[in-house]
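Numbering starts at 1 and runs along the sequence shown. Hydrogens, waters and symmetry mates are skipped; everything else that's a heavy atom, side chains included, is used.
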Amino acid sequence: MLGRLSWAAIPFDEPIPLIAAGVVGLVILAVLGWIVMKGWWPYLWREWLTSVDHKRIGVMYVTLALVMLVRGYSDAIMMRSQQAVAIGGARGYLPPSHYDQIFSAHGTIMIFLVAMPFVVGLMNFVVPLQLGVRDVAFPVLNSVSFWLTAAAALLINASLVIGNFARTGWMAYPPLSELTFSPDVGVDYYLWSLQISGIGTLLAGINMVTTILKMRAPGMFYFRMPVFCWTALATNMLIVAAFPILTATFAMLLLDRYLGMHFFTNAGGGNMMMYVNLFWAWGHPEVYILILPAFGVFSEVIATFSGKALFGYRSMVLATLAICVLSFMVWLHHFFTMGAGADVNSFFGIMSMVIAVPTGVKVFNWLFTLFHGRVVFKTPVLWSIGFMVTFVLGGMTGVLLAVPPVDFVLHNSVFLVAHFHNVIIGGVLFGAMAAYNYWFPKAFGFTLDERLGKASFWCWFFGFYFAFMPLYVLGLEGMTRRLEHIADPSWRPLLLVAEFGAILIFFGILFQALQLYVSIRTRESRRDLTGDPWNGRTLEWATSSPPPPYNFAVMPEVRSIDAFWEMKATGRIAPEPRYEAIEVPRNSPTGFIIAFFAVLVGFSLIWRIWWIVILALVAIAIVVLAFGWSENREQEIPGAEIARLERARLGLGPGE
């Protein structure tokens, strides 16, 4: 009746996951109780859970990413603490099986449920505003994409207390991920969660590519789009091209596990190295799926706070497109040691160095933008400058690892761990935090506290260096990654430094939470009544903060690259004498309901509860058909209502 599910799935003999699950459960109950006490359920259902407004979906994506950042960090500090104490004769506090689950969950969560939702959320919120349009191409599909990602997050967190998570690392290489070596449900949690989130991400990519290519304000030709829109276009083209590879790869591994096929079992005629090839054929474009939106963020932030146009706009666009193409030609540098031969290794080593060139072009363009600019050192600028220093270091170590003989020495060492985090934290996360501070007032109508924002930055910045610079040294000394116990006592001092760095990062997260709390409490004194708190250059600053459901009462006419800057310079900003009615999409519960049944499908497939799988799939089909046959999908906002809202935004009276 319940497949493999039984009371034995609850880890009653392991106190750490039970305590963690209890704390999380209490927090969830407290939040739900608070919502009930305040009577907020109707508002949440109407304005958020069923919203198809790209801005609210973007905010929900970013909120999910921030929550999962705390979850992923908790795994990181547990791993770092274990390695700091489990040295020599000491065994530490984590048993090997639990430690393996933690490092597998950490990588999976940070890549798929922190970095990906953050960049997809930013693109959702910003791109339609920068394009001067009223929504994405497919608003309801956008909601479905988000809720599928949220469903995957729920499934992965369920593994904390019902069953277990994979013990394979976040890449789930065969044969370790095959049924012979992982007969429990850990790998199934990993595969079905990521299949669900991967479908959501692919749908989001299709939606965003269509929006950018087909929906732009009058006069916004391709080479008048903001750089962030170009990086979003390149990112989503990579998503559309790369994520089907991952979906197909996981599907083959699932067939191996569920139906006894042999795609990746050498003994059965398969090839486990084919999994590695396919995984990294997705995996290296994924690195650029994450970093390209961050590049776009830094371009917007540096130009805005330098008070001048971005240096080398066309070279920046061409560099973005070059990265988009070259990212598919470097995947094998992740496993030079597989024995492919000198010719193959040489080609991929050279291509890995070539792809560093367009990245270098971007860095020089940002530096030249800052040069002779009137730089205002707000929190987003600190994140941007910190990124340039840190990411260049990570890029250089990446080029070093792209030399096959060097990689033969350093492969699978913590030098590689340091490089990867150098790029992801110093690049993606610093970019996400710059964007969070930069666009927060546009989303909520008030600015964030600068002092606490800067305190958070410095904790993150120095915390990163203390946490990961020692790993470069340890990697050169021969320390391999994924160690639950450290045999060499001479490594203890550097591991303690790394632990100190992880604690500094904790204070960075704490300051971010405090910044949000203080900013909300003092929001009345921080109100942005202009819609343009930073003296911005692009169209998102031309509307109110937060923007209305229709984004723009009158479609803006674009005449240059920095459209809003040009409007301010030429005095083209004025209230229109007449407003026409605007159609906006109606809210729809489709995404939320599909995600609910997707959780049931995933959980039931993990535990082989086939009758629930069938019922949930039928329910999803009914929901999709019901939406497909519905006709009343839009609502009209009358011109008089738009006029009233716009007059209020501009501070005009009824007769003005």
Side-chain angles (χ1 to χ4, degrees), residues 115 119 227 230-231 234-235 237-238 241-242 280-299 302 310-337 343-370 384-411 413 415-431 464 468-469 472 475-476:
V119 299
V227 171
W230 275 108
T231 58
T235 295
M237 288 193 296
L238 287 174
W280 287 112
W282 160 83
H284 204 80
E286 167 67 6
V287 173
Y288 291 100
I289 288 170
L290 298 178
I291 199 63
L292 282 175
F295 287 169
V297 169
F298 298 126
S299 299
I302 288 172
L310 185 69
F311 181 91
Y313 169 85
R314 285 182 177 262
S315 64
M316 190 71 84
V317 171
L318 294 176
T320 299
L321 297 177
I323 289 171
C324 184
V325 174
L326 292 172
S327 66
F328 276 101
M329 304 171 71
V330 297
W331 81 84
L332 197 127
H333 71 210
H334 290 272
F335 47 100
F336 278 142
T337 57
D343 292 342
V344 173
N345 284 358
S346 298
F347 172 81
F348 283 95
I350 292 168
M351 293 308 299
S352 301
M353 297 174 196
V354 168
I355 201 172
V357 174
T359 306
V361 168
K362 288 176 174 288
V363 173
F364 281 111
N365 282 354
W366 293 320
L367 290 173
F368 285 132
T369 304
L370 290 167
S384 302
I385 295 174
F387 150 79
M388 283 191 279
V389 175
T390 307
F391 188 79
V392 166
L393 175 63
M396 289 191 296
T397 57
V399 172
L400 179 65
L401 287 168
V403 180
V406 175
D407 188 73
F408 268 75
V409 176
L410 296 174
H411 187 74
S413 73
F415 187 99
L416 177 61
V417 175
H419 158 70
F420 185 74
H421 286 79
N422 207 154
V423 173
I424 297 300
I425 293 179
V428 180
L429 194 135
F430 279 24
F464 164 79
F468 292 101
M469 293 303 108
Y472 280 122
L476 290 169

If you define the side chain from C-beta out and look only at heavy atoms, does anything of [X] sit under 4.5 Å from [Y]?
| X | Y | result |
| --- | --- | --- |
| F464 | M469 | yes |
| W282 | W331 | no |
| W280 | L332 | no |
| H333 | M351 | no |
| V119 | T235 | no |
| I289 | E286 | yes |
| F298 | F391 | no |
| I302 | M388 | yes |

M316 vs T231, test: side chain to side chain contact (heavy atoms under 4.5 Å, CB included). Steps then yes/no. CA-CA 10 Å; M316 190 71 84; T231 58; over 6 Å; no
For [X] and [Y], work out which heavy atoms get closest and say how close.
| X | Y | value |
| --- | --- | --- |
| G312 | N365 | O-ND2, 3.3 Å |
| P358 | L326 | CG-CD1, 4.5 Å |
| F311 | T369 | N-OG1, 2.9 Å |
| Y288 | S327 | CD1-CB, 3.6 Å |
| G431 | V297 | O-CG1, 3.6 Å |
| V399 | A356 | CG2-CB, 3.9 Å |

query = What orientation do F468 and H421 show, parallel under 30°, tilted 30 to 60°, or perpendicular over 60°?
reply =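 F468 and H421: parallel rings.
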_Checking L393 against V389 for the side chain to side chain contact (heavy atoms under 4.5 Å, CB included) test, could you report, in this order, the C-alpha distance in whole Å, the side-chain angles of both residues, the deciding distance, and whether it holds?_
CA-CA 7 Å; L393 175 63; V389 175; over 6 Å; no
F408 backbone acceptor or donor facing T337 side chain under 3.5 Å:
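Checking the backbone N and O of F408 against the side chain of T337, no donor-acceptor pair under 3.5 Å is found.
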Roughly how far, to the nearest 0.5 Å, is [atom2] of [Y] from [atom1] of [X]?
| X | Y | atom1 | atom2 | result |
| --- | --- | --- | --- | --- |
| S352 | H284 | OG | NE2 | 6.5 Å |
| F364 | S315 | CZ | OG | 12.0 Å |
| D407 | N345 | CG | CG | 8.5 Å |
| L429 | T390 | CG | OG1 | 11.0 Å |
| F420 | I425 | CZ | CD1 | 10.0 Å |
| T359 | I291 | OG1 | CD1 | 8.5 Å |

Exercise. Is there a side chain to side chain contact (heavy atoms under 4.5 Å, CB included) between L238 and L292 once you walk through the steps?
Worked result: CA-CA 10 Å; L238 287 174; L292 282 175; 4.0 Å; yes
- Query: Taking the six-membered ring where the residue is Trp, are the ring centres of F415 and H419 under 6.0 Å apart?
  - Reply: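 They do not qualify: ring centres at least 6.0 Å apart.
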So, W230 versus F295, ring centres under 6.0 angstrom or not?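 Aromatic pair excluded; centres sit 6.0 Å or further apart.
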Point to revise | Chi angles and distances behind the side chain to side chain contact (heavy atoms under 4.5 Å, CB included) call for W366, L310 | key: CA-CA 7 Å; W366 293 320; L310 185 69; 4.0 Å; yes
Discussion item. Is a donor from one side chain sitting under 3.5 angstrom from an acceptor on the other, for T397 and N422?
Written reply: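 The criterion, which ignores hydrogens and geometry beyond distance, is not satisfied for N422 and T397.
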